[in-house]
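What follows is a single structure, written as structure tokens, with notes after it.
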Amino acid sequence: MNDDGYDHRSVERRYQEAWDEADVYRTPDDVSDPTYVLGMYPYPSGELHMGHVRNYTITDAYARFNRMRGEDVLHPMGWDAFGLPAENAAKERDTNPRDWTFDCIDTMRGQMESMGFGYDWDREITTCTPKYYRWNQWLFRRLHEEGLVEQRDAEVNWCPDCETVLADEQVEGEAELCWRCDTPVEQRELEQWFLKITEYANELIDALDELEGWPDSVRQMQRNWIGRQYGTTLPFEIDGHGTVEAFTTRADTVYGATFFALAPDHPISQELIKTDDEVHEFVHHETDPEGDEPNGVRTDLTATNPVTGEELPVFVADFVLSDVGTGALMGVPGHDDRDHVFATKMGVDIVPVIAPSDEDDVDVSESAFTDDGVLINSGEYSGLDSETARKEITEDTEGAELTTQYRLRDWGISRQRYWGTPIPVVRCSECGPVLVPKSELPVELPEFVNTTGNPLDAATDWKETTCPKCGGEAVRETDTMDTFVDSSWYFLRYVSPELTDAPFDLDRANDWMPVDQYVGGIEHAVMHLLYSRFITKFFADAEGLEHREPFTNLLAQGMVQLDGSKMSKSKGNVVSPQEIVEDYGADTARLFMMQAAQPERAFDWTEEGVRSTYAFLTRLYDLVESFDPETATGEHDAVAAYVESEIDATIAVATEEYESLTFNIALREAQGLVRTLRQYADYTEPHAATFQRGLETAVLLLSPVAPHIAESLYDELGGEGFVVNAAWPESDADRSTAEDRRRLVENTREDVRQIIEVAGIDDPERIDVVVAPEWKYRALEVAVESDAPNVIGELMQIPEIKKQGQAAADYGKDLQAEREALSVGLAVDEEYEALSAAAWLIEREFDAPVRVVHAADADESTVAKATPGRPAIDILEP
RNA sequence: GCGAGGGUGGCUGAGCUAGGCCAAAAGCGGCGGGCUUAAGACCCGCUCCCGUAGGGGUCCAUGGGUUCGAAUCCCAUCCCUCGCACCA
């Protein structure tokens, strides 16, 4: 298909084999503190898609860059191999999840290899193997030992299509759809195993502040998810039903409480159903928690306000949620929007108790005033500001307590599916649930049975066992773990994937962790990343891991789109990586993706972009091929000096950009260098050593992203060994000086063009570029440093300047006028040199000889116009 | 509603966390030129307005402010994207 381009197929195959043979991506166990670069491991669907390619190209390029800079690098890959799709696929294809999964893994590993991703495959992990998941079971035991596992009946999210429970995090949007299959989620009451992530809620939220290597958006999402709120629990007496605690963040508004409300499934509501027909009617028929309107029914009960002693009417209301706060609340219609709506609807009093300030009156008849302010109508507390009042009211009130509430719930990990880690518990009629002893781990999955329910229920031989405690008859727990348990610690397993007596080697993990750069999709902002942080903290507390956070730097990579929308099978707008590799090669695909946009931004895949990237690689290939140092007999002239300075500038910029993972900018530089080299060869006979260095530099700078062709060209240029192991090019160029030089050259060329155009010069005979006299640089320096009100006086103190007479006075006036904007740029010699080196560009463009001259060698009226950073230009017409 | 991030020249999109080097990078598209039998590719320019020597004008969502000076800082408004949401 692309017969015009270089032969990517043979190049890529050759080096993939060579790397493999030389084992170049291996990270030996004895290296010390390698740079740990990790992409989120994939679910082995059997098909590598563009999102994967982008994700793993980022980590691969970064890993290669670090390796070339002499770092030891840990860059492993594995498989998030448990999960429901395997069960569905097995049913469809009449096979079993294990065979299907391993087939998929083999296919995907092959696809990754064809992309040239450099992984240490000796560290590959596969979560569906007993040697991995036994450590999930071990982890479950350890969590249990530390009191962080709990079994309880719970109202759970149930996906009828997946036939399993979902964590809150796995239910999406207002419509409450399953994150995997978009089926509306139902509620069910089931006995569930929970991991008490809430015990870590405070640290999980507080430590976010220190995670400076994470995007703000992700940190904010986690903060929201954890949802910490400081407030007060107040005890309300309800006669005949005892004390009911109500949580409020606004204890300062307690004098404005005019009703009390209970959730429909609150125990008291449930009791009232039996005796109160209206409550029964409401709870069973009218309640509409999904609706926008708050609905409720008045009961015969009253609740005693613990601060004022007032009796408040008690309602059962559907906007009160049993899993928020205590499932009961005090209603303050004057200062809460929703309470206001409800009170208006039910005809409850609305009393203002907070005013914006001392003097202000507040009108709450139409809408609530929800800001903090000053208390009014609040007895002894009137006149206090909201914050103080909250504190005092809480302190003064018997039974009131400062309370912190979280939105975060414990992590329900029970899944009623086959293809997951069996929860290592046996249920004994005598002893209840008993943990499977450590010595009997792993509890391995039985053979798959194709059935409608949970295959583990159907596996009778497996299910029926004896109690480890009393030896009596017992059955195994048939629930398996959420696969997020697998991924909550897999990054630790890579450190010692074969270890048989612990999940990971502690000493090595202490040395190698945390992951220096983690890369993956934003969809894991809460779930996976929160669980991983939780489990890491647990390992720190329980197992002596010396790190409390797993990922130092996190990059959430953007989407790969087609025509502005996400690629997806359902939309049928998928570009297959395999086809691109076939047609253009992995290097083209990788380079195109990396240069198209910053890694965190979405970008559009375009056929045109791919073609032009391929054409670029082909041009580079041809340029290297056609270069013969023997026949390149050019001098080391001004042009060569220019090319050299460009090589150095390119290295300086590209290196910085690679460091910050802004590959797009680094690659633009590298591509710019190739263009410069082509122009060089086009314009004159190149100087062999300079040209050679330029080509080598371009190849090295491109190699992290386009490794195959880089190997081939590196070899062609006489490089030793693999480019993978080559040293990153060095330059002593300073980026800002390099940029000053480029700007000077660009501005000067621009000026020449403008003059020629505006003055209507058709065919210039000669172009003189005159650098400003040295004393002006000196004067500029003085002016920048001076804080005298008028710089001219100060300048005239300097003999060297003073003797310039009127010229000095004129320039001094200019400097004074622009006083605040002045800054020192290049020195006179640097300017002269930069311009001399770039003169050929002007010559070539206007086909006229260019002289770059010092002020001393030029005519006085011309020199007068030259200033530092802005040479005078004199164009001679025939 | 709450929170986060944004609104830049025909389009895409840098710069804006350290205000002056910003009429504002780069790419695309468009225009002109070179190369070529020709097309493509490639190379060189131009692409807000005015201007016969590098000048001037207007400009970075809108309106105000700070400053000698603002795309860059502050305030308000409008719009967009994302996350959370009857959260007490």
Side-chain angles (χ1 to χ4, degrees), chain A residues 4 172-174 215-225 227 229 231-234 246-250 253 261 263 288-295 317-321 323-332 336-339 341-342 370 405-407 522 525-526 564 595-598 601-604 606 608-609 611-612 615 618-619 622 662 664-665 668-669 671-672 675 678-679 682-683 736 739-740 742-744 746-761 817-825 841 844-847 865 869-875 877:
Chain A
D4 297 342
E172 291 179 339
E174 216 162 330
D216 287 340
S217 58
V218 174
R219 294 197 279 174
Q220 194 56 36
M221 281 162 78
Q222 294 211 351
R223 280 191 201 102
N224 287 342
W225 188 263
Q229 270 191 315
T232 302
T233 35
L234 292 167
F247 176 78
T248 177
T249 54
R250 292 300 302 273
T253 63
D288 177 23
E290 309 298 313
D292 293 334
E293 273 281 289
N295 302 306
D318 62 359
F319 67 88
V320 186
L321 307 177
D323 60 345
V324 174
T326 60
L329 59 82
M330 66 171 192
V332 186
D336 180 278
D337 289 325
R338 191 208 40 227
D339 291 352
V341 174
F342 185 73
T370 56
Q405 280 277 332
Y406 302 90
R407 210 182 75 96
I522 187 74
V526 175
Q595 58 152 54
Q598 281 180 22
R601 300 188 98 96
F603 80 96
D604 269 1
T606 65
E608 194 196 357
R611 282 220 191 86
S612 89
T618 301
R619 283 200 296 282
D622 292 344
T662 35
N664 54 329
I665 301 175
R668 186 198 303 151
E669 281 293 322
Q671 289 180 297
R675 179 190 277 220
R678 286 171 59 86
Q679 292 171 344
D682 213 40
Y683 179 71
S736 82
E739 283 173 348
D740 280 350
R742 284 178 173 177
R743 194 166 326 138
L744 173 70
E746 204 32 68
N747 287 346
T748 306
R749 293 177 68 189
E750 187 82 40
D751 282 345
V752 173
R753 274 177 218 132
Q754 258 195 62
I755 294 166
I756 286 180
E757 196 203 316
V758 175
I761 300 168
E818 292 173 64
R819 229 12 224 298
E820 310 288 338
L822 299 174
S823 67
V824 178
L841 288 166
R844 190 188 55 170
E845 188 174 337
F846 300 100
D847 197 25
K865 285 186 278 184
R870 190 122 211 235
I873 295 163
D874 195 20
I875 299 175
E877 295 186 72

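In what follows, chains carry the letters A, B, and so on, assigned in the order in which the sequence lines appear, proteins first and then strands, with residues in each chain numbered from 1.
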For [X], answer base if it contacts any base atom (sugar-phosphate contacts may also be present), sugar-phosphate if it contacts only those atoms, and nothing otherwise; contact means non-hydrogen atoms under 4.0 Å.
{"X": "A:Val320", "answer": "base"}
{"X": "A:Pro215", "answer": "nothing"}
{"X": "A:Glu739", "answer": "nothing"}
{"X": "A:Ile522", "answer": "nothing"}
{"X": "A:Arg742", "answer": "nothing"}
{"X": "A:Asn664", "answer": "nothing"}
{"X": "A:Ile875", "answer": "base"}
{"X": "A:Ala872", "answer": "base"}

- Note on the structure: In B/S/- notation (B base, S sugar-phosphate only, - none; protein heavy atoms under 4.0 Å), nucleotides 14-32 of chain B written 5' to 3' is S-----BBS--BSSSS---

- Message: One character per nucleotide, please: for nucleotides 1-10 of chain B, 5' to 3', B when the base has a protein heavy atom closer than 4.0 Å, S when only the sugar-phosphate does, - otherwise.
- Response: --SS------

For [X], what residues pass the salt bridge (charged side-chain N to carboxylate O under 4.0 Å, His left out) criterion, not counting sequence neighbours?
{"X": "A:Arg844", "result": "none"}
{"X": "A:Arg675", "result": "none"}
{"X": "A:Glu739", "result": "A:Arg735"}
{"X": "A:Glu845", "result": "A:Arg749, A:Arg753"}

- Task: Would you check if A:Val752 and A:Ile756 make a side-chain contact, meaning some heavy-atom pair closer than 4.5 Å?
- Result: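 When only atoms from C-beta onward are counted, A:Ile756 and A:Val752 do touch, with a gap below 4.5 Å.
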
Rounding to an integer number of angstrom, what distance separates [N] and [M] when you compare their [atom1] atoms?
{"N": "B:G51", "M": "B:A70", "atom1": "C1'", "value": "28 Å"}
{"N": "B:A4", "M": "B:C75", "atom1": "P", "value": "13 Å"}
{"N": "B:G7", "M": "B:U12", "atom1": "C1'", "value": "15 Å"}
{"N": "B:A23", "M": "B:C59", "atom1": "P", "value": "13 Å"}
{"N": "B:C16", "M": "B:A71", "atom1": "C1'", "value": "7 Å"}

- B:C87, B:C42, B:G54: which one has an atom nearest the side-chain heavy atoms of A:Arg619?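 The nucleotide sitting nearest to the side chain is B:C42.
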
Taking [atom1] from [X] and [atom2] from [N], how many angstroms apart are they, rounded to a whole number?
{"X": "A:Asp318", "N": "B:A88", "atom1": "CG", "atom2": "C1'", "answer": "14 Å"}
{"X": "A:Arg844", "N": "B:C35", "atom1": "CZ", "atom2": "P", "answer": "15 Å"}
{"X": "A:Arg219", "N": "B:C84", "atom1": "CZ", "atom2": "P", "answer": "19 Å"}
{"X": "A:Glu750", "N": "B:G54", "atom1": "CD", "atom2": "P", "answer": "14 Å"}
{"X": "A:Arg250", "N": "B:A88", "atom1": "CZ", "atom2": "C1'", "answer": "11 Å"}
{"X": "A:Asp622", "N": "B:A41", "atom1": "CG", "atom2": "P", "answer": "16 Å"}
{"X": "A:Phe319", "N": "B:C87", "atom1": "CZ", "atom2": "C1'", "answer": "12 Å"}
{"X": "A:Tyr683", "N": "B:C35", "atom1": "OH", "atom2": "C1'", "answer": "18 Å"}

- Item | Counterpart residues, side chain to side chain contact (heavy atoms under 4.5 Å, CB included), relative to A:Arg678 (two or more places apart) |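 Once residues adjacent in sequence are excluded, the partners of A:Arg678 under the side chain to side chain contact (heavy atoms under 4.5 Å, CB included) criterion are A:Arg619, A:Leu623, A:Val674.
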
- Message: If you assign each of A:Ala328 and A:Ala615 to its closest nucleotide in RNA chain B, which residue comes earlier from the 5' end?
- Response: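 This one resolves to A:Ala615.
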
- Query: If you pin A:Thr326 and A:Val752 to their nearest nucleotides in RNA chain B, which one's is more 5'?
  - Reply: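 By nearest-heavy-atom nucleotide position, the 5'-most residue is A:Val752.
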
- Message: The criterion is ring pair (Phe, Tyr, Trp, His ring centres under 6.0 Å); which residues satisfy it with A:Phe342, sequence neighbours excluded?
- Response: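 Ring pair (Phe, Tyr, Trp, His ring centres under 6.0 Å) list for A:Phe342, sorted by chain: A:Phe259, A:Phe315, A:Phe319.
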
- Residues two or more places apart in sequence or in another chain: which of them pass ring pair (Phe, Tyr, Trp, His ring centres under 6.0 Å) with A:Tyr683?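 Once residues adjacent in sequence are excluded, the partners of A:Tyr683 under the ring pair (Phe, Tyr, Trp, His ring centres under 6.0 Å) criterion are A:Trp840.
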
- Residues forming a side chain to side chain donor-acceptor pair (under 3.5 Å) with A:Thr662, sequence neighbours excluded: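 Applying side chain to side chain donor-acceptor pair (under 3.5 Å) to A:Thr662 gives A:Glu657, A:Ser660.
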
- Residues in side chain to side chain donor-acceptor pair (under 3.5 Å) with A:Asp216, at least two apart?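 Counting only residues at least two positions away or on another chain, A:Asp216 forms a side chain to side chain donor-acceptor pair (under 3.5 Å) with A:Arg219.
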
- Message: Please give the stem ranges for RNA chain B, sorted by first residue number, where a stem is three or more consecutive Watson-Crick or G-U pairs and both donor-acceptor distances are under 3.5 Å.
- Response: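 If one scans RNA chain B for consecutive Watson-Crick or G-U pairs, the stems found are B:1-7 with B:78-84, B:10-12 with B:26-28, B:29-34 with B:42-47, B:48-50 with B:55-57, B:61-65 with B:73-77.
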
- Message: Nearest 0.5 angstrom please: A:Ile755 CD1 to A:Ile761 CD1, how far?
- Response: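 It is 7.5 Å, given to the nearest 0.5 Å.
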
- Task: Quick one: pull up CG in A:Leu841 and CD in A:Glu746 and give me the separation to the nearest 0.5 Å.
- Result: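 If we round to the nearest 0.5 Å, A:Leu841:CG and A:Glu746:CD are 9.0 Å apart.
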
When you check the phosphate oxygens OP1 and OP2 of [N], does a side-chain N or O of [X] lie under 4.0 Å from one of them?
{"X": "A:Arg753", "N": "B:A53", "answer": "no"}
{"X": "A:Gln754", "N": "B:A53", "answer": "no"}
{"X": "A:Arg870", "N": "B:G54", "answer": "no"}

- N/O donor-acceptor pair under 3.5 Å between A:Gln405 side chain and A:Phe247 backbone: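 Checked: no pair found.
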
- Test log, rule salt bridge (charged side-chain N to carboxylate O under 4.0 Å, His left out), inputs A:Asp751 and A:Arg870: CA-CA 9 Å; A:Asp751 282 345; A:Arg870 190 122 211 235; 2.8 Å; yes

